[in-house]
Student: 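My questions all concern the structure below.
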Amino acid sequence: MMNFENLLVEIVDGIATVTINRPKALNALNEQTLGELQSAFSHFAEDDAVQVIIITGSGEKAFVAGADIAAMQPLSALQARTFAKLGHQVMRHIEACPKPVIAAVNGFALGGGCELALGCDIRLVSDNARFGQPEVNLGVIPGFGGTQRLSRLVGKGLAMELVLTGDMIDAGEAYRIGLANKVIVQADLLDAAKAMAAKIISKGPLAVRLAKEAIRNGLEMDLDKANQYEAELFGLCFASKEQKEGMLAFLEKRPANFSGE
Ligand code: DAK
């Protein structure tokens, strides 16, 4: 079921670690890899053994160096549209995953690679990471949502600069503009991502799920509607055992036990 050509998937202690594994092409995304990401995330959404997902790239050089340029070069306009639609579906699928998704960006995150990282909830990046949307160098524009998600995350001016110049930025600059949550030495990156995943797993699972939904969907609404939506989800938390346990544990001055044991 989880046997893929271009992805390595490991599920341990509730954490699914997905490694994009095409090191010879710096983990560039071709149709096959996008299709595999789509199937893996369909599986994770349903599998109770998976509570948090980490996406990373194979090797020490690249997270994902973009959509596969060799595969895209001969495409007709209609084929390019189909390819872009597949990319959009995959990014949306990851973004809408009911479980948190952490990108462990271990090197180049360019074009479709930057867009993949943008589709994740949190970006932890290694000190050698470099981000960019270099599509204008190739005579195209970002095709997997980059113009939209980058401007929503870092603001219009910085997104314009990155997309119009095609310049790359290093990990420190990515951190400064809010594209990276944290910068970590490369050797410790995956451990740091796993530690963050484990911390999230130790919290109330329904609360984590509803909090992701509230932030993600709320950003698409005006503030009054978004606050109303938050109130509905807040109310829903009180239908769960975990709210009773979490609040009782506080009052009894002990750690909460959300595992139900
Ligand atoms: N695709 C395919 N192969 C790639 C690749 C990519 N994006 N990036 C690197 N490779 C391959 C190289 O061709 C090379 O292969 P061999 O020659 O060894 O066979 C191998 O990976 C190692 O790369 P380099 O030899 O170039 O390594 P360097 O250290 O010298 O340079 C680099 C690293 C990351 C700076 C360089 O490889 C580079 O500039 N790569 C391309 C980065 C890039 O431009 N990425 C953006 C891709 S465009 C759309 C849909 C989607 C998109 C756009 C439109 N529609 C359908 C509308 C998205 C577009 C993109 O993502």
Side-chain angles (χ1 to χ4, degrees), residues 6-29 33-34 36-37 40-41 52-69 90-91 94-95 97 99-135 142 144-146 149-150 153-154 158-159 161-163 165-201:
N6 298 330
L7 300 183
L8 304 171
V9 178
E10 175 200 83
I11 301 175
V12 178
D13 296 337
I15 305 171
T17 304
V18 179
T19 306
I20 298 172
N21 187 32
R22 295 186 73 215
K24 284 189 184 141
L26 301 186
N27 307 319
L29 299 173
T33 312
L34 287 170
E36 291 182 1
L37 278 170
F41 273 82
V52 174
I53 300 120
I54 296 171
I55 306 182
T56 194
S58 160
E60 292 175 358
K61 193 166 167 183
F63 173 65
V64 168
D68 189 317
I69 301 171
V90 173
M91 304 308 153
I94 291 172
E95 194 170 51
C97 179
K99 300 163 187 185
V101 185
I102 301 171
V105 178
N106 58 313
F108 289 111
L110 303 176
C114 186
E115 292 167 302
L116 176 63
L118 287 166
C120 297
D121 299 313
I122 293 168
R123 283 151 293 281
L124 301 185
V125 320
S126 59
D127 43 5
N128 67 324
R130 299 189 81 188
F131 288 84
Q133 295 288 162
E135 286 84 352
F144 297 159
R149 287 195 183 90
L150 188 62
L153 188 65
V154 304
L158 288 162
E161 183 179 337
L162 284 167
V163 170
T165 64
D167 280 350
M168 282 191 220
I169 56 170
D170 63 16
E173 179 68 356
Y175 176 70
R176 193 185 69 79
I177 66 173
L179 182 48
N181 291 64
K182 279 192 175 70
V183 182
I184 294 152
V185 290
Q186 186 173 50
D188 298 336
L189 178 67
L190 213 50
D191 283 347
K194 286 180 180 172
M196 184 181 273
K199 181 183 273 189
I200 294 171
I201 289 171

Student: Rounded at 0.5 Å granularity, tell me how far CG in L158 sits from CD1 in I177.
Tutor: 5.0 Å
Student: If I compare all heavy atoms of K61 with all of L26, which pair ends up nearest, and what's the gap?
Tutor: CD-CD2, 4.0 Å
Student: Can you check whether G59's main-chain N or O pairs, donor with acceptor, with N106's side chain at less than 3.5 Å?
Tutor: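 Such a contact is found between N106 side chain and G59 backbone.
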Student: Closer than 3.5 angstrom, by distance alone: can the side chain of Q186 be matched with the main-chain N or O of E60 as a donor-acceptor pair?
Tutor: yes
Student: Taking C-beta and beyond as the side chain, do V163 and P142 meet within less than 4.5 Å on heavy atoms?
Tutor: yes
Student: With side chains defined as the heavy atoms from C-beta onward, is the minimum distance between V125 and F63 less than 4.5 Å?
Tutor: no
Student: Report yes if some heavy atom in the side chain of L7 is under 4.5 Å from a heavy atom in the side chain of I20; otherwise report no.
Tutor: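 They are in contact (side-chain heavy atoms under 4.5 Å apart), so the answer is yes.
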Student: Find out whether N27 and N6 are in side-chain contact, i.e. whether some heavy atom of one side chain is under 4.5 Å from a heavy atom of the other.
Tutor: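 Side-chain contact under 4.5 Å: no.
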Student: Rounded to the nearest 0.5 Å, what separation is found between the CG atom of N181 and the CG atom of L124?
Tutor: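 Separation between the atoms: 6.0 Å.
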Student: In Å, rounded to the nearest 0.5 Å, how long is the span from CG of D188 to OG of S126?
Tutor: 11.0 Å
Student: Considering non-hydrogen atoms only, spot the tightest contact between V154 and A159 and give its length.
Tutor: CG2-N, 3.9 Å
Student: Name the residue from I184, L189, V183 that meets the side-chain contact (heavy atoms from CB on, under 4.5 Å) definition with D127.
Tutor: V183
Student: Is it true that a side-chain atom of T56 and a backbone atom of A104 form a donor plus acceptor pair closer than 3.5 Å?
Tutor: yes
Student: Starting at CZ of R130, measure out to CG of D167 and round the result to the nearest 0.5 Å.
Tutor: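 Answer for the CZ-CG pair, R130 versus D167, is 9.5 Å.
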Student: A side-chain contact here means heavy atoms from C-beta on lying under 4.5 Å apart; do L179 and I169 qualify?
Tutor: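 Result yes, sub-4.5 Å side-chain heavy-atom pair found.
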Student: Does any part of the side chain of E115, heavy atoms only, come nearer than 4.5 Å to the side chain of E135, both counted from C-beta?
Tutor: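 The answer is yes, as the side chains (C-beta and beyond) meet within the 4.5 Å cut-off.
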Student: Between V52 and A197, which heavy-atom pair has the shortest distance, and what is it?
Tutor: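 Heavy atoms of V52 and A197 come nearest at CG1-CB, 3.6 Å.
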Student: Could you give the distance from CD1 (I102) to CD1 (I200), rounded to the nearest 0.5 Å?
Tutor: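 Spacing of CD1 (I102) from CD1 (I200) equals 4.5 Å.
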Student: Does the side chain of I55 reach to within under 4.5 Å of the side chain of C120, using non-hydrogen atoms?
Tutor: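 Sidechains of C120 and I55: in contact.
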Student: Is there a side-chain contact between L153 and R123 (heavy atoms, below 4.5 Å)?
Tutor: yes
Student: Got a salt bridge between D68 and R22, using NZ or NE/NH1/NH2 to carboxylate O under 4.0 Å?
Tutor: yes
Student: Once you round to the nearest 0.5 Å, how far does CZ of F131 lie from OH of Y175?
Tutor: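 Answer rounded to 0.5 Å: 13.5 Å.
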Student: Stepwise, does the side chain to side chain contact (heavy atoms under 4.5 Å, CB included) test hold for L150 with L118?
Tutor: CA-CA 7 Å; L150 188 62; L118 287 166; 3.9 Å; yes
Student: Can you name the closest pair of heavy atoms from M168 and F108 and give their distance?
Tutor: SD-CE2, 3.8 Å
Student: Start with the C-alpha distance between L8 and V18, add both sets of side-chain angles, then the distance that settles side chain to side chain contact (heavy atoms under 4.5 Å, CB included), and finish with yes or no.
Tutor: CA-CA 6 Å; L8 304 171; V18 179; over 6 Å; no
Student: Do you know the tightest heavy-atom contact between I201 and D13?
Tutor: CD1-O, 3.7 Å
Student: L29 and V64: which non-hydrogen atoms are nearest, and at how many Å?
Tutor: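 For L29 and V64, the tightest heavy-atom pair comes out as CG-CG1, 3.7 Å.
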